[in-house]
Amino acid sequence: MAVASTPPLQLVVAALLALSLSTTASSSPAPANRSSCYKRLFSFGDSLTDTGNYIIHYSNASGPVLALPYGETFFGHPTGRWSDGRLIIDFIVERLGFQYWPAYLKGAAGKSPAEEFRYGANFAVAAATALSQDFFLKKNMDLLTPSPIPPYSLGVQIDLFKKVLAMIASTDQERNEVMASSLFLVGEIGLNDYNHPFLQNKTMEWVRPLVPQVIRSIVLSIEALIELGAKTMYVPGIFPLGCTPLYLSLFPGDDRDPATGCIRGLNDLILVHNHMLEAKLEELRRDHPSVSITYVNSYDNVLGLITAPTQNGFDKEMVLEACYPVFISGSAAVPCLDPSRHVNFDGLHMTEAAYKLMARGMLDGPFAAPPIMSTCNHSC
């Protein structure tokens with residue numbers, strides 16, 4: 001993959017903004033509890049999961065996500081989610097019967113920790129990486145431009161969780177109860193460890209050696225949660241980045257897979273990451289047989305939407321095109337009439353329709369084995 005070529009600056013800025021901005025999630029209640037046996041959900045990750053942490057930390061941030069058509073499908077107004085509606089995490093929260101809890105950094109004024117974290121907390125931060133800020137600084141990466149690499153790597157997010165755990169569980173017995181009765185969603189994370197370098201014109205030869213280090217960081221975070229007493233974890237891999245309209249636009253001359261039209265070299269990198277992650281999770285399962293650690297195959301989940309669009313309700317002719325290509329066309333972008341016919345919304349992130357199917361693959365299978373709801377119902 002010839003990623004050394006220099007993409008237009010406005011596309012670079014747009015791409016990083018797409019991973020960098022998010023605002024507060026809606027606080028409206030979810031549907032009634034349907035056979036939920038998890039008391040809380042704690043989530044970690046990046047913009048695919050962030051419900052407002054980035055925009056709270058960088059309070060002067062702005063971007064197209066703050067205007068329609070973002071949020072139009074479900075909420076009727078922008079909510080900060082990089083989609084026309086709900087994210088995967090929203091569908092999981094709904095099925096577990098929880099309310100849409102706020103981003104951790106927002107907090108809840110006047111509420112006790114027990115009340116504020118009644119349903120858990122979301123520590124995901126848009127543009128976050130698995131590796132630390134210091135790692136990229138030592139690699140001579142620019143941490144500030146064209147968009148910041150935030151100081152909320154996965155390890156930092158785990159440290160924030162430890163603070164919450166100390167607030168809601170003052171004894172070992174209370175801590176064990178919280179950890180054993182909670183569901184942990186660790187990811188999606190790692191995409192930005194590759195995305196940031198590519199958008200700063202690093203080559204594939206520069207990026208590929210990062211993969212083992214990214215996986216090691218994810219594994220260390222999972223081990224930290226296990227040491228604290230976590231019993232149920234779901235760990236998503238990365239979706240096929242080479243199928244996103246943004247990257248197809250940034251690197252139009254790169255080798256395409258004839259079966260999908262996606263960038264072969266970029267997807268090969270993602271597959272290396274996912275296969276290594278899956279293998280490490282298998283090792284963790286052997287080392288910790290009392291802990292349920294489930295790999296979520298986000299790659300095949302999304303690829304199935306692309307290779308069988310009509311069966312999933314999408315338009316075959318637009319399967320590799322964005323509904324609202326704001327990060328490709330800029331101010332000239334025109335929203336599509338029906339986002340539900342598109343897999344991709346803005347060039348990088350998916351539509352609510354795609355996220356709904358991705359969430360279903362985790363909740364009911366087949367892209368998580370065991371799926372979340374079958375595990376929950378069984379343990380009930």
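- In terms of the side chain to side chain donor-acceptor pair (under 3.5 Å) criterion, residue partners of Glu352 (sequence neighbours excluded) are, by chain and number, Arg86.
- When only modelled atom types and interatomic distance are considered, Ser340 and Asp338 share a side-chain donor-acceptor pair under 3.5 Å.
- The two atoms that bring Met179 and Ala230 nearest to each other are CE-N, 3.4 Å, heavy atoms only.
- Here ring-ring contact (aromatic ring centres under 6.0 Å, His included) pairs that include residues 123-180, with residues two or more places apart or in two chains, are Phe42-Phe161, Phe44-Phe123, His57-Tyr152, Tyr104-Phe123, Phe161-Phe184.
- Under the 4.0 Å criterion applied to side-chain N and carboxylate O atoms, Asp90 and Arg81 are assigned as salt-bridge partners.
- Annotation: side chain to side chain donor-acceptor pair (under 3.5 Å) contacts of Arg256 (sequence neighbours excluded): none.
- By the neighbour-count criterion of 12 heavy atoms within 6.0 Å, atom CD of Gln311 is densely surrounded, having more than that number from other residues, nucleotides or ligands.
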Side-chain polar contacts of residues 211-219 - donor-acceptor pairs under 3.5 angstrom, sequence neighbours left out - could you list them?
residue	atom	partner	partner atom	Å
Gln213	NE2	Pro209	O	3.3
Ser217	OG	Ala130	O	2.6

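- The list of ring-ring contact (aromatic ring centres under 6.0 Å, His included) pairs with a residue in residues 262-283, not counting sequence neighbours, reads Tyr194-His273.
- Judged purely by distance below 3.5 Å, without hydrogens or angles, the side chains of Tyr70 and Asp346 pair a donor atom with an acceptor atom.
- Taking the side-chain contact (heavy atoms from CB on, under 4.5 Å) definition, one finds that Asp159 meets it with Lys162, sequence neighbours left out.
- For Thr49, the side-chain contact (heavy atoms from CB on, under 4.5 Å) criterion is met by Ser43, Ile89, Asn122, Ala124, not counting sequence neighbours.
- Taking each heavy atom of Asp193 and Leu131 in turn, the nearest pair found is OD2-N, 2.9 Å.
- Classification of Glu115 and Arg118 as a salt-bridged pair fails, no side-chain N sitting under 4.0 Å from a carboxylate O.
- Residues passing the salt bridge (Lys or Arg N to Asp or Glu O under 4.0 Å) test with Asp268: none are found, sequence neighbours excluded.
- With sequence neighbours excluded, the residues satisfying side-chain contact (heavy atoms from CB on, under 4.5 Å) with Pro69 are Glu72, Tyr324, Pro335, Phe345.
- The side chain to side chain donor-acceptor pair (under 3.5 Å) check on Tyr355 picks up nothing, with sequence neighbours excluded.
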> Would Thr129 and His196 satisfy side-chain hydrogen bond (donor to acceptor under 3.5 Å, both in side chains), going step by step from the backbone distance to the final call?
Replying inline: CA-CA 9 Å; Thr129 52; His196 284 303; over 6 Å; no
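- Tracing side-chain contacts under 4.5 Å through hydrophobic residues (I, L, V, M, F, W, Y), one never reaches Val186 starting from Leu220; they form parts of separate clusters.
- Qualifying salt bridge (Lys or Arg N to Asp or Glu O under 4.0 Å) partners for Lys356, counting only residues two or more places apart in sequence or in other chains: none.
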Donor-acceptor pairs are to be reported for all side-chain atoms of residues 163-174 against protein atoms at under 3.5 Å, with residues two or more places apart or in another chain.
residue	atom	partner	partner atom	Å
Ser170	OG	Glu174	OE1	3.0
Thr171	OG1	Glu174	N	3.1
Glu174	OE1	Ser170	N	2.7
Glu174	OE1	Thr171	N	3.3

